[in-house]
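Quick notes on the structure that follows.
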Amino acid sequence: MLEIQQLRTDLNNITQQLAKRGYTFPAEAFNALEAERKIIQTQTQELQAQRNIASKKIGQAKSKGEDTSAIMTEVAHLGDALKQAENQLEHIQHHLQKILLEVPNLPHISVPEGKDEAGNVRIRQWGEPRQFDFDIKDHVSIGEGLGLLDFETAAKLSGARFSLMKGGLARLHRALAQFMLDIHTLEHGYIETYVPYLVSRDSLRGTGQLPKFEQDLFAVTAGGEESSSAKNTPEYHLIPTAEVPITNMVRDEIVPLQSLPLKYVSHTPCFRSEAGSYGRDTRGLIRQHQFDKVELVHIVHPDQSYEALEQLVGHAEKILQKLALPYRVMALCTGDMGFAAAKTYDIEVWLPAQNTYREISSCSNCEAFQSRRMQARFRNENGKPALLHTLNGSGLAVGRTLVAVLENYQNADGSITIPEVLRPYMNGLDQLGSSGAK
RNA sequence: GGAGAGAUGGCCGAGUGGUCGAAGGCGCUCCCCUGCUAAGGGAGUAUAGGCACAAAAAGCUUAUCGAGGGUUCGAAUCCCUCUCUCUCCGCCA
């Protein structure tokens, strides 16, 4: 959410910046509402002030035992006018709020301008794609060839975009998550968290998934309740990313200055409806309704958020380096960034079977965009509450990392060499073959 | 699921219809005093808005005592709904 004062005083500039992201701010509607708001709010407050004065008088008179009927009749007229003005004001404020909640964040000055992913800029690259002297297979063929990856059964259990892993592959998946958690907690100083996978609408509003992206989420109601829209039904949504529960930990909090920065890591499943992505990445583990991710979140002093973003990306890169998986870091352009981000780096890992780099991590500085929605604050140097900056990034998407390991570490006989750093998590196993798949 | 108790400022805690945005305490900040330390004295100490202004400060003003609604000229205080916390019982991992 943007600051409304900024919109009032600097509307043209903001409209221009938003246009860079392909968002058209409804400036006329906003201006009209603001003009109306100003009038009604002033009027409302005047009426309230009159009422307060009169009520005070009544109180004083009564305590002296004087007759109050004269003042009472005077005030009686106020009631209706006040109620009407209050209702009108509330209506306008709601409308304004609705507009505000749907406006994306402003891009940071350093963000390259562009319309779509073609405008993204490569920042750096690490590692050399391996040369294969045999015909390579993609992760689906490898996994199915080993008898450890089974999409048919997954489809029977749940439908499309679900997966079933078995034996050594399921373990390799677990090993990756454990490895990532260990590196982030032991080497990068993150606090490990275990968080709810079902969250409230308030939390989703806080991080920006609601109200605009409801169709991307899965909603859940308790058994026995007729429908999610029934009144007073407590409604949950499955988290699309651990960013939601972790970041919302500081919602409506005032964090002491000395406890900053807060750095949290969590390994969770993520659930996405993938509405609107029909036909895209239908093969394999790349785009699933349910996938595991190790998420990194920083809650920081506003002066430090860009420094923190660099650190965050570095922490995610470290995982790929230790796994010896080639990758590149892209700065997303204005047109390709997510709703809440002021600046985003994507890390893309090399997938030999696709002969391309694919996104495996997205690291964003949201500045105060989320904290303003959440009222997440800290007590600053002057002892005054001020908005925090929030950052989040994948460190990494576990399923896609698994894909990268399978494809990059495949052997001619269809087996997989287990990356060295993962072997301690695999009981020392160095290879995943059809025989080693216990 | 049943029965009961509760939610007040950074924290503790008083307040059951009228100068209550809220006593008192703790904490914190500033000042004074004491050679230092300890103790003591004094002052200050919520947040978010609106108006006006080129802007800031000061000013005027509104809202906020878990959330939302209601009663009333007036609500922290009365009524309703909800959320959360605690205790006991039931169920459960």
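Within every chain, numbering begins at 1; the chains are lettered A, B, ... in the order of the sequence lines, protein sequences first and strands thereafter. All values below come from the heavy atoms of this structure, side chains included, with hydrogens, waters and symmetry mates left out.
Taking atom CG of residue A/D202 and atom C1' of nucleotide B/G68, one finds them 13 Å apart after rounding to whole Å. As a whole-Å value, the separation of A/E253 CD from B/C84 C1' is 14 Å. Whole-Å rounding puts the A/R373 CZ to B/A48 P distance at 19 Å. We find that CD of A/E3 is positioned 12 Å from C1' of B/G49, with the value rounded to whole Å. Counting to the nearest Å, the P atom of B/A63 and the CD atom of A/E90 are 15 Å from each other. As a whole-Å value, the separation of A/Q93 CD from B/A48 C1' is 12 Å. Per the geometry, CD1 belonging to A/I40 stands 17 Å off C1' belonging to B/U61, to the nearest Å. For A/N87 and B/G69, the CG to C1' distance is 12 Å, given to the nearest whole Å.
When the P atom is compared between B/A48 and B/A43, the two are found 27 Å apart, to the nearest whole Å. Taking the C1' atoms as reference points, B/G42 lies 23 Å from B/G35, given to the whole Å. The separation of B/C91 from B/C84, taken at their P atoms, amounts to 23 Å, rounded to a whole angstrom. Taking the C1' atom of each, B/G24 and B/G13 are spaced 8 Å apart, rounded to whole Å. Separating the C1' atom of B/G49 from that of B/U37 is a span of 47 Å, rounded to the nearest Å. Distance noted for atom P between B/A76 and B/U8: 16 Å (whole Å). Between B/C53 and B/C73, the two P atoms lie 37 Å apart (nearest whole Å). As rounded to the nearest Å, B/A22 and B/G69 have P atoms that lie 24 Å from one another.
Along RNA chain B, the nucleotide nearest A/M72 and the nucleotide nearest A/P385 are compared for position; the residue whose nucleotide lies closer to the 5' end is A/P385.
The NZ atom of A/K343 lies 9.5 Å from the CE atom of A/M337; values are rounded to the nearest 0.5 Å.
Here the nucleotide nearest the side chain of A/I58, chosen from B/G18, B/C51, B/U71, is B/G18. The A/Q5 side chain lies nearest to B/G49 when the options are B/U47, B/G49, B/U71.
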Problem set entry | Evaluation steps, salt bridge (Lys or Arg N to Asp or Glu O under 4.0 Å), between A/K83 and A/E86 | CA-CA 5 Å; A/K83 192 156 274 178; A/E86 278 175 344; over 6 Å; no

For this session: Might you work through the side chain to side chain contact (heavy atoms under 4.5 Å, CB included) test for A/S364 and A/L391, ending with a clear yes or no?
Result: CA-CA 6 Å; A/S364 300; A/L391 302 93; over 6 Å; no

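In this structure, A/Y264 has its ring center at least 6.0 angstrom away from the ring center of A/Y190. Between A/F378 and A/H389, the ring center distance fails the sub-6.0 Å criterion. You'll find the ring centres of A/F369 and A/F339 inside the 6.0 Å limit.
Put simply, the side chain of A/E367 never gets that close to the backbone of A/A342: no donor and acceptor are under 3.5 Å apart. For A/R272 (side chain) and A/H289 (main-chain N/O), no donor-acceptor pair under 3.5 Å exists by modelled atom type. Formation of a donor-acceptor pair under 3.5 Å by the A/S55 side chain with backbone atoms of A/N52 is not found in this model. In this structure, A/D336 contributes its side chain and A/L332 its backbone to no donor-acceptor pair below 3.5 Å. Side chain of A/R423 to main chain of A/I418: a donor-acceptor pair is present (N/O by atom type, distance under 3.5 Å, no hydrogens or angles).
Looking at heavy-atom distances under 4.0 Å, A/K38 makes contact with sugar-phosphate atoms alone, never a base. Among the atoms of the strands shown, only primed sugar atoms or phosphate atoms (P, OP1, OP2) are found under 4.0 Å from some heavy atom of A/R377. At the heavy-atom level, A/P256 lies nowhere under 4.0 Å from the strands shown.
Note on A/K62: every side-chain N or O is 4.0 Å or more away from OP1 and OP2 of B/C73.
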Exercise. In dot-bracket notation, what is the pairing pattern of RNA chain B, taking Watson-Crick (N1-N3 plus N6-O4 or O6-N4) and G-U wobble (N1-O2 and O6-N3) contacts under 3.5 Å, with [ ] crossing and | for other strands?
Worked result: ((((((((.[[[..)..(.....]]]((((((.......))))))((((((.......)))))).[[[[[..)....]]]]])))))))....

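Put simply, the side chain of A/K263 does not reach to within 4.5 Å of the side chain of A/V297, judged on heavy atoms.
RNA chain B is contacted by A/Q45, A/Q48, A/A49, A/R51, A/N52, A/S55 of residues 45-55 of chain A, taking any non-hydrogen atom closer than 4.0 Å.
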Seminar exercise, completed: Whether each nucleotide of nucleotides 6-11 of chain B has a protein heavy atom under 4.0 Å at its base (B), only at its sugar-phosphate (S) or at neither (-) is summarised, 5' to 3', as ------

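At a cut-off of 3.5 angstrom, counting only N and O atoms as typed in the model, there is no donor on one side facing an acceptor on the other between the side-chain of A/K56 and the base of B/G18.
The aromatic rings of A/H188 and A/H184 are tilted relative to each other, their planes meeting at an angle between 30° and 60°.
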